[in-house]
Number of protein chains: 2
Amino acid sequence: MTTTTPHTRDRLLDSAERLFAENGVDATSLRHITNDAEANLASVNYHFGSKEELFRQVFARRIGPINQERLRLLDNCEAQGTPSLECVLEAFLAPTLRLRSDPEQGGEHFMCLMGRLFSEPTEWKTILMEEFNEIFQRFSTALQIALPEHAPLDLTWHLFFTIGAMAHLMTAGDLLKTFTQDRCDPADVEGTLRRLVDFSAAGFRGTSRGESP
Amino acid sequence: MTTTTPHTRDRLLDSAERLFAENGVDATSLRHITNDAEANLASVNYHFGSKEELFRQVFARRIGPINQERLRLLDNCEAQGTPSLECVLEAFLAPTLRLRSDPEQGGEHFMCLMGRLFSEPTEWKTILMEEFNEIFQRFSTALQIALPEHAPLDLTWHLFFTIGAMAHLMTAGDLLKTFTQDRCDPADVEGTLRRLVDFSAAGFRGTSRGESP
DNA sequence: GGATGATTCAATCATACGTTTGATTTAAAA
DNA sequence: TTTTAAATCAAACGTATGATTGAATCATCC
């Protein structure tokens with residue numbers, strides 16, 4: 001918003017995003033961030049006022065476009081009449097999972113950071129949830145249209161499970177790759193997305209067979 | 001292992017477990033812990049040597065019995081011939097989810113702590129994974145027996161998704177309750193367990209219908 | 001009861017933290 | 001060129017951290 005902007009502010013956001021993701025918010029000091037960004041220690045408080053506000057801005061910079069993309073994809077689904085379950089789920093999951101292959105941006109770091117936020121103490125978690133409320137409501141109704149015969153309460157539970165699987169991919173995807181000696185690789189974003197969409201869709205629709213052997 | 005044990009050491013473990021779960025490992029200081037446990041600051045380093053070792057012991061105290069219970073339940077499944085998918089999944093999920101209703105213990109705190117560990121920086125995460133490796137291998141083969149027609153790679157992906165949903169329940173279950181104004185309540189442990197088992201089982205078996213509308 | 005080892009305690013260590021200050025540099029406006 | 005505001009800088013603020021010390025206390029055994 002200033003007349004001419006040196007990019008110190010953006011370097012701070014980039015470094016903070018990466019270090020928050022790699023080491024956690026609490027474990028990342030302003031000195032780590034300013035060293036990494038090759039900026040003065042005081043620059044954080046000059047540009048952002050506090051560490052908490054820096055974190056909020058790191059988050060706000062990315063979450064808006066991501067959720068916009070979610071709604072855009074959902075609109076695409078609904079434009080062709082009653083949307084399919086798979087289409088709705090993909091609209092929800094794709095924008096975050098695709099961050100992993102964000103072209104030459106730090107989207108991968110943000111993905112990891114956002115995933116971790118789900119399990120962070122309440123203080124930070126509420127920041128995430130404020131932005132998520134609208135999305136949650138919007139997709140809940142879309143799911144009810146896609147699966148009209150299911151109880152709304154079931155859909156809520158199932159969406160919650162799906163979010164859990166998504167968050168786990170965001171934070172521990174590299175671990176899966178290590179564990180399986182690269183035979184499962186979340187870096188194949190579209191393949192991973194298809195797998196998660198199919199798994200969740202089957203879960204939403206419910207078991208197709210009886211239970212006891 | 002000493003002759004007579006005052007219970008300072010146990011009070012430290014209990015307080016650390018609770019505070020680590022509520023505020024995060026990094027954000028919990030030894031002074032918070034010792035104040036809560038009504039012990040002297042130096043007692044942590046006397047009994048455990050360091051904060052990291054305290055954390056390891058908090059974790060080691062619980063994870064062993066939990067994983068033993070997992071294997072016991074899995075043995076129960078396999079004792080009756082070829083185990084059903086639901087039985088195997090329940091054997092995997094129940095021991096952690098049931099921590100929420102642990103009788104007068106701090107199991108709920110540990111559940112939250114363990115769930116967060118999945119998304120914690122590598123340093124702490126590896127501690128979790130060392131203990132998890134055997135369980136992971138054991139249940140992978142059990143799943144292959146329960147679903148012999150499925151590719152092993154698919155089962156690995158699906159187990160990963162299931163773990164994600166489980167971890168999300170452990171760390172953000174209270175959030176689901178708040179969001180739904182108590183209409184979804186993870187405190188109903190057996191009901192929640194049944195929902196997750198059914199959801200995952202359907203996901204494992206795959207979609208029962210076509211995709212496009 | 002005195003000796004011995006285990007535990008607790010207050011006090012302090014050096015280091016790191018987020019934040020603030022006031023001077024200095026930079027760059028656009030007059 | 002002078003003026004003015006934005007931006008950067010080194011230095012310090014007070015507080016908190018994990019760790020350590022050596023004396024004091026406790027319980028136990030000879």
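Each chain gets a letter, A, B and so on, in the order the sequences are listed, and its residues count up from 1. Values reported hereafter were calculated over all heavy atoms of this structure, with side chains retained and with hydrogens, waters and symmetry mates removed.
Counting heavy atoms of neighbouring residues, nucleotides and ligands inside a 6.0 Å radius, atom CD of B:Glu134 does not exceed 12 of them.
C:dC17 atom P lies 15 Å from atom CG of A:Leu54, rounded to whole Å. Atom C1' of nucleotide C:dG18 and atom CG of A:Leu19 are separated by 16 Å, given to the nearest angstrom. Protein atom CZ of A:Phe48 is 15 Å distant from nucleotide atom P of C:dG18, rounded to whole Å. Atom CG of A:Asn45 and atom C1' of D:dA7 are 14 Å apart (whole Å). In this structure, the CG atom of B:Asp10 is 12 Å from the P atom of C:dT7, given to the nearest Å.
Of the side-chain N and O atoms in A:His47, one or more sit less than 4.0 angstrom from OP1 or OP2 of D:dT8. Remark: A:Thr8 is in phosphate contact with D:dT8, judged by side-chain N or O atoms under 4.0 Å from OP1 or OP2.
With hydrogens and angles disregarded, no donor-acceptor distance shorter than 3.5 Å links the side chain of B:His47 to the backbone of B:Val44. The closest donor-acceptor contact from the side chain of A:Arg116 to the backbone of A:Met111 lies at 3.5 Å or more, if one exists at all.
The only member of B:Glu108, B:Glu17, B:Glu69 that meets salt bridge (charged side-chain N to carboxylate O under 4.0 Å, His left out) when paired with B:Arg62 is B:Glu17.
Nucleotides of DNA chain C nearest to B:Arg11 and A:Leu41 differ in position, and the one nearer the 5' end is that of B:Arg11. Toward the 5′ end of DNA chain C lies the nearest nucleotide of B:Tyr46, the other residue of the pair A:Val44 and B:Tyr46 mapping further downstream.
Outside the 6.0 Å centre-distance limit, the rings of B:His150 and B:Phe204 are not counted as a close aromatic pair. Ring to ring, A:His168 and B:Phe160 are close: their centroids are under 6.0 angstrom apart.
Taking every side-chain heavy atom of B:Ala42 into account, D:dT20 is the closest of D:dG18, D:dT20, C:dT19. Distances from the side chain of A:Asn40 to the nucleotides C:dT19, D:dT8, D:dT20 place D:dT8 closest.
In this structure, A:Arg70 satisfies the cation-pi test against A:Phe92, with its NZ or CZ atom closer than 6.0 Å to the six-membered ring centre and inside 45 degrees of the ring normal.
Rounded to the nearest 0.5 angstrom, A:Thr8 OG1 and A:Asp10 CG are separated by 9.0 Å.
Annotation: the terminal axes of the helix from C:dG1-D:dC30 to C:dA30-D:dT1 meet at 0°, where each axis is the rotation carrying the C1' atoms of four end pairs onto the next four (5 pairs per end, rounded to 10°).
Taking every heavy atom of residues 29-39 of chain A and every atom of DNA chain D, pairs under 4.0 Å involve A:Arg31, by number.
There is a side-chain donor-acceptor pair under 3.5 Å between A:Ser119 and B:Ser119.
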